[in-house]
Asks: 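Below: one structure in structure tokens.
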Amino acid sequence: LATKTTNMATTTISLAAASVALLFTSSLLVSAYDNGAPYSSLPPLGWSSWVALGPGAEHPIFDFCDEASVMAAADAFVSSGMYDAGYRHFHLDDCWAGGRDENGNVYPEKDHFPNGMKPVVDYVHSKGMVFGLYTCGGTYTCVGKRPGSKDHWQSDANSYASWGVDWVKMDWCNSAPQDPKMTYPIMGHALNTSGRKIHFNMCEWGKENPWEWGDKCAQSWRQGGDHTGTWDSTKSVIQTSASIPPEYSGRPYGWNDMDMLETGNYAQAAHANGKEGTMTAIEYKTEFSMWAIAASPLVVTTPIMNCTSAPSPVPPMDPCKVSLVQKQSVANCVLNQSFGCYANGSMYTTNGCRGVFNCNNQQNISCNVDGDGVHVCPCGPPGKVTCTPALTDLQKEILFNTDVIAINQDVTPQGRPIVSGDISVWARFLSNGSVGIALYNEDDNAKMIGFDFATLGKMNPPPVPSTSKWTSNTMATVRDLWTHTNNGTAQGKIENTTVLPHQAIMLLLTPTSF
């Protein structure tokens with residue numbers, strides 16, 4: 001027996017299977033951009049701040065982060081069980097950049113990261129995770145007009161490296177008239193010459209078929225537009241994955257990225273692109289299943305902690321008083337329209353107003369919070385904020401399903417429909433000789449789905465050299481990866497099975513004889 005170590009765990013496979021894995025991965029590794037970035041040879045497993053963080057004890061705000069919330073989230077990442085389940089990537093999205101100094105070097109928002117970015121990165125590293133940051137290939141980022149990396153490629157890459165960043169996503173807003181095929185390689189080269197091994201995630205929304213050229217300059221690339229927590233969005237992303245030609249399958253250090261998972265997001269999360277998560281439990285399981293079998297990075301964006309604040313030491317005042325001292329936002333600050341106060345010793349801002357205020361006889365109170373919605377600030381020193389890990393039972397059931405994760409965490413070509421033009425049955429051949437299967441129903445009505453093993457053997461092009469061994473005579477054990485049950489041995493086929501609307505039934509087939 002030979003032992004193979006993955007990001008998830010150590011698994012034992014036969015020497016024969018290991019030889020097969022080496023045969024079909026050796027040619028792929030030649031073209032993939034293997035720069036040794038940590039936890040990147042397999043699809044990254046992780047978390048993103050996109051809809052997950054808020055200031056203090058406030059509800060999460062779309063694309064918000066600050067030093068306190070990031071460090072608390074790093075603690076929750078570990079204590080919630082994500083680390084034990086194999087997740088290692090910890091990413092900040094479009095929430096952190098503040099400006100550029102006189103030499104053009106980027107720096108984080110000074111009020112949100114008063115000690116700079118490096119202490120935050122070091123703290124995340126101390127928990128055993130890798131740290132990711134967002135940038136944009138345009139003049140400004142997609143949210144909040146933060147500085148983009150256009151014409152600052154090497155200086156930004158050097159800054160990220162000096163902070164200890166391990167993963168960089170580059171978006172494509174405000175980028176005209178640049179050509180992504182010319183620009184992304186420039187940033188890829190800058191990161192690769194920064195002195196640090198950094199995973200580069202391209203995000204030009206699949207406009208120029210990045211699967212055809214991305215592996216020369218990046219380790220992963222978005223296959224399409226933003227994913228949100230709705231069924232229409234999820235179904236569309238799965239359809240896009242199915243349409244990628246097999247010859248451009250994901251490979252070690254070169255993965256087609258279906259975008260962030262929205263697993264279990266409802267009202268507790270900020271709304272991605274203004275859309276609240278509305279999917280059912282079945283649909284969220286399908287999301288995770290199809291991302292997994294397609295060998296997409298599994299990076300979830302969701303609140304992973306609940307935070308509460310002790311009362312402010314400032315006594316209440318009725319009627320309350322508040323006045324603007326200095327506006328710090330582009331938006332106007334108008335009393336009782338975009339800012340005001342409460343009798344309980346706090347004030348609020350809304351409609352983009354940010355600034356310094358006098359409040360309830362307390363001078364120069366900062367209420368400078370980005371993001372949509374109403375933001376509450378204490379009229380004085382804030383009370384102590386305490387955060388505890390918080391994932392719902394549904395999220396734990398899905399995100400910690402190591403049976404499904406194991407389908408994702410392999411070096412083999414990504415899963416795809418076994419019959420071109422029919423997305424109801426997907427297969428991913430694994431390096432230990434087993435095959436992951438998804439019986440997928442995108443329709444609004446239940447349907448019967450099954451398949452013959454001979455159809456696996458006729459996949460063209462074959463995913464692995466041993467594909468053709470699967471015939472109508474093949475015997476294979478069957479494991480259901482959501483019920484976690486071993487369901488006997490099948491000969492030659494999987495019988496027609498009822499698949500509910502929007503459901504994916506995940507199976508693991510392990511051949512016992514051909």
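Numbering starts at 1 and runs along the sequence shown. Computation of the quantities below employed the complete heavy-atom set of this structure, encompassing side-chain atoms and omitting hydrogens, waters and symmetry-equivalent molecules. Since we're looking at a predicted model, the values are computed, not measured.
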Asks: So, N35 side chain and A37 main chain: donor-acceptor pair closer than 3.5 Å or not?
Replies: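 At least one qualifying donor-acceptor pair exists.
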Asks: Would the number of heavy atoms belonging to other residues, nucleotides or ligands and lying under 6.0 Å from NE2 of H189 be above 12?
Replies: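 Open: at most 12 neighbouring heavy atoms sit under 6.0 Å from NE2 of H189.
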Asks: In terms of side-chain heavy atoms, does N351 have a donor or acceptor partner in Q337 at a distance below 3.5 Å?
Replies: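 No, no side-chain donor-acceptor contact under 3.5 Å.
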Asks: Would you call F339 and F357 a side-chain contact if the rule is heavy atoms closer than 4.5 Å?
Replies: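 F339 reaches F357 side chain to side chain.
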Asks: Is C387 disulfide-linked to C307, taking SG-SG under 2.5 Å as the test?
Replies: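 Answer is yes: C387 pairs with C307 in a disulfide.
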Asks: Quick one about D101 and Y107 (side-chain donor to acceptor, distance below 3.5 Å, no hydrogens or angles considered), yes or no?
Replies: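 No.
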Asks: Cut-off 3.5 Å, side chains only: do S149 and D156 have a donor facing an acceptor?
Replies: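 Result is yes, a qualifying pair exists.
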Asks: Considering the options F113, W96, Y123, which one meets the ring-ring contact (aromatic ring centres under 6.0 Å, His included) requirement together with W163?
Replies: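 It is W96, the one option of F113, W96, Y123 that forms the ring-ring contact (aromatic ring centres under 6.0 Å, His included) with W163.
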Asks: State the OH-OG1 distance between Y160 and T135, to the nearest 0.5 angstrom.
Replies: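 Result: 3.5 Å between the selected atoms.
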Asks: Under 4.5 Å between any side-chain heavy atoms of Y87 and S80, yes or no?
Replies: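 Side chain of Y87 against side chain of S80, heavy atoms only: no contact under 4.5 Å found.
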Asks: With ring centroids as reference points, do H112 and F64 lie under 6.0 angstrom apart?
Replies: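 Ring centres of F64 and H112 closer than 6.0 Å.
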Asks: Are any of the side-chain heavy atoms of N408 and L45 separated by less than 4.5 Å?
Replies: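 Side chain of N408 against side chain of L45, heavy atoms only: contact under 4.5 Å found.
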Asks: Distance from M170 atom CE to I186 atom CD1, nearest 0.5 Å?
Replies: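 Nearest 0.5 Å value for the CE-CD1 distance: 8.5 Å.
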Asks: Any side-chain donor paired with an acceptor under 3.5 Å for H227 and T234?
Replies: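 Short answer, yes.
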Asks: Between Y348 and Y342, is the ring pair (Phe, Tyr, Trp, His ring centres under 6.0 Å) condition met? List the steps.
Replies: CA-CA 8 Å; Y348 69 88; Y342 301 116; 5.3 Å; yes
Asks: Any chance the SG atoms on C341 and C359 come in under 2.5 Å?
Replies: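 Not so, these two cysteines form no disulfide.
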Asks: Testing the basics here: between T228 and E262, what is the closest heavy-atom pair and its distance to 0.1 Å?
Replies: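 Closest approach of T228 to E262, heavy atoms only: C-CG, 3.8 Å.
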Asks: Distance alone, cut at 3.5 Å: any donor-acceptor contact between the side chains of N265 and T302?
Replies: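 Result is yes, a qualifying pair exists.
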Asks: Atom CG in D232, atom CE in M279: separation rounded to 0.5 Å?
Replies: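 Nearest 0.5 Å value for the CG-CE distance: 10.5 Å.
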Asks: With rounding to the nearest 0.5 angstrom, report the CG to CE distance, D179 to M182.
Replies: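 So the gap between those two atoms works out to 6.5 Å.
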Asks: Where do C95 and C65 land on the disulfide (SG to SG under 2.5 Å) test, with the steps shown first?
Replies: CA-CA 6 Å; C95 63; C65 61; 2.2 Å; yes
Asks: Can you check side-chain hydrogen bond (donor to acceptor under 3.5 Å, both in side chains) on D66 and S69, steps first, answer last?
Replies: CA-CA 6 Å; D66 64 8; S69 64; 2.7 Å; yes
Asks: Going through the checks in order, is the side-chain hydrogen bond (donor to acceptor under 3.5 Å, both in side chains) test met by N158 and S194?
Replies: CA-CA 5 Å; N158 292 344; S194 68; 5.3 Å; no
Asks: Got a donor-acceptor contact below 3.5 angstrom from the N306 side chain to the T388 backbone?
Replies: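 Not at all, since once roles are kept as given, no pair shorter than 3.5 Å links the two residues.
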Asks: As an exercise, state the distance from CE of M506 to OH of Y440, rounded to the nearest 0.5 Å.
Replies: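 The distance works out to 13.0 Å.
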Asks: Between the side chain of T301 and the main-chain N/O of M260, is any donor-acceptor distance below 3.5 Å?
Replies: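 The answer is no, because no donor-acceptor pair under 3.5 Å joins these two groups.
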Asks: Under a 3.5 Å cutoff, is there a donor and acceptor pairing between the side chains of E442 and Q239?
Replies: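 Per modelled atom types, E442 and Q239 side chains form a pair under 3.5 Å.
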Asks: Please walk me through it: do D166 and R88 pass salt bridge (Lys or Arg N to Asp or Glu O under 4.0 Å)?
Replies: CA-CA 11 Å; D166 307 291; R88 293 294 182 271; over 6 Å; no
Asks: Check each of D444, N441, T280, D443 against H502 using the side chain to side chain donor-acceptor pair (under 3.5 Å) test, and report the only one that passes.
Replies: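 Looking at D444, N441, T280, D443, the match for H502 under the side chain to side chain donor-acceptor pair (under 3.5 Å) is D444.
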Asks: Assess whether side-chain hydrogen bond (donor to acceptor under 3.5 Å, both in side chains) is satisfied between H91 and S49, documenting all intermediate values.
Replies: CA-CA 6 Å; H91 299 166; S49 67; over 6 Å; no
Asks: Does a side chain donor of either Q328 or N368 reach within less than 3.5 Å of an acceptor in the other side chain?
Replies: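 Yes, side-chain donor-acceptor contact under 3.5 Å.
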Asks: Write down the atom of R196, the atom of V165, and the distance for their closest heavy-atom approach.
Replies: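 Closest approach of R196 to V165, heavy atoms only: NE-O, 2.9 Å.
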Asks: Looking at S329 and C333, what are the two nearest heavy atoms and their distance?
Replies: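 Smallest heavy-atom distance, with atoms named: OG-SG, 3.9 Å.
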Asks: Indicate yes or no: at least one non-hydrogen side-chain atom of C136 is less than 4.5 angstrom from one of W172.
Replies: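 C136 does not reach W172 side chain to side chain.
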Asks: Examine K181 relative to Y184 and say whether NZ or CZ is less than 6.0 Å from the centre of the six-membered ring and inside a 45° cone about the ring axis.
Replies: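 No cation-pi geometry.
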Asks: T141 vs D94, test: side-chain hydrogen bond (donor to acceptor under 3.5 Å, both in side chains). Steps then yes/no.
Replies: CA-CA 7 Å; T141 65; D94 186 2; 3.0 Å; yes
Asks: Are the aromatic ring centres of Y266 and Y284 under 6.0 angstrom apart?
Replies: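 Here the rings of Y284 and Y266 have centres that are less than 6.0 Å from each other.
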Asks: Compare the SG-SG distance of C377 and C367 against 2.5 Å and report whether it is shorter.
Replies: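 Yes, disulfide present: SG-SG under 2.5 Å.
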Asks: Restricting to pairs with a member in residues 285-298, which pass side chain to side chain donor-acceptor pair (under 3.5 Å), not counting sequence neighbours?
Replies: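 Residue pairs passing side chain to side chain donor-acceptor pair (under 3.5 Å), neighbours aside: T263-E287, K285-E397, S289-W482.
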Asks: Give a yes or no on whether K275 atom NZ has more than 12 heavy-atom contacts from other residues, nucleotides or ligands under 6.0 Å away.
Replies: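 Counting other residues, nucleotides and ligands, NZ of K275 stays at 12 neighbours or fewer.
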Asks: Heavy-atom distance under 4.5 Å between the side chains of P389 and M305, does that happen here?
Replies: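 No - every pair of side-chain heavy atoms lies 4.5 Å or more apart.
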Asks: What distance separates K145 NZ from Y140 OH, expressed to the nearest 0.5 Å?
Replies: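 Taking NZ in K145 and OH in Y140, the distance rounds to 4.5 Å.
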Asks: Quick one: do Y83 and F77 satisfy ring pair (Phe, Tyr, Trp, His ring centres under 6.0 Å)? Show the steps, please.
Replies: CA-CA 6 Å; Y83 188 92; F77 188 109; 7.0 Å; no
Asks: I'd like to know whether CG of D393 has more than 12 heavy-atom contacts from other residues, nucleotides or ligands below 6.0 angstrom.
Replies: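 Not more than 12 within 6.0 Å, no.
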Asks: Given I304, which partner from the list D75, L391, L53 fulfils the side chain to side chain contact (heavy atoms under 4.5 Å, CB included) test?
Replies: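 Exactly one candidate clears the test, L391.
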Asks: What I'd like to find out is whether the side chain of T240 reaches to under 4.5 Å of the side chain of K235, using heavy atoms alone.
Replies: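 With C-beta onward as the side chain, the pair stays apart.
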Asks: Within the 3.5 Å criterion, strictly below it, is a donor on Q268 or T392 matched to an acceptor on the partner's side chain?
Replies: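 There is no such pair between these side chains.
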Asks: Under 3.5 Å, is there a donor-acceptor pair linking the side chains of W167 and N201?
Replies: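 Not at all, the side chains of W167 and N201 share no donor-acceptor pair under 3.5 Å.
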Asks: Measure the shortest side-chain to side-chain distance between K118 and S162 over non-hydrogen atoms and say whether it is less than 4.5 angstrom.
Replies: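 No; the side chains remain at least 4.5 Å from each other.
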Asks: Measure across A294 and S241 and return the closest heavy-atom pair with its distance rounded to 0.1 Å.
Replies: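 Here A294 and S241 meet closest at CB-OG, 3.5 Å.
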Asks: Do Q219 and Y33 touch side chain to side chain, with heavy atoms closer than 4.5 Å?
Replies: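 The answer is yes, as the side chains (C-beta and beyond) meet within the 4.5 Å cut-off.
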Asks: With D226, which residues qualify under side chain to side chain contact (heavy atoms under 4.5 Å, CB included), at least two apart?
Replies: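 W50, R222, D259, N273.
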Asks: Between K150 and G137, what is the shortest heavy-atom contact and its length?
Replies: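 Taking every non-hydrogen atom into account, CB-O, 3.6 Å.
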Asks: Could you tell me whether D63 and R146 make a salt bridge, using a distance below 4.0 angstrom between a side-chain N and a carboxylate O?
Replies: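 Salt bridge flag = no for R146 with D63.
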Asks: Where is the tightest heavy-atom contact between Q409 and P43, given as atom of each residue plus distance?
Replies: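 Heavy atoms only, the tightest pair is NE2-O, 2.7 Å.
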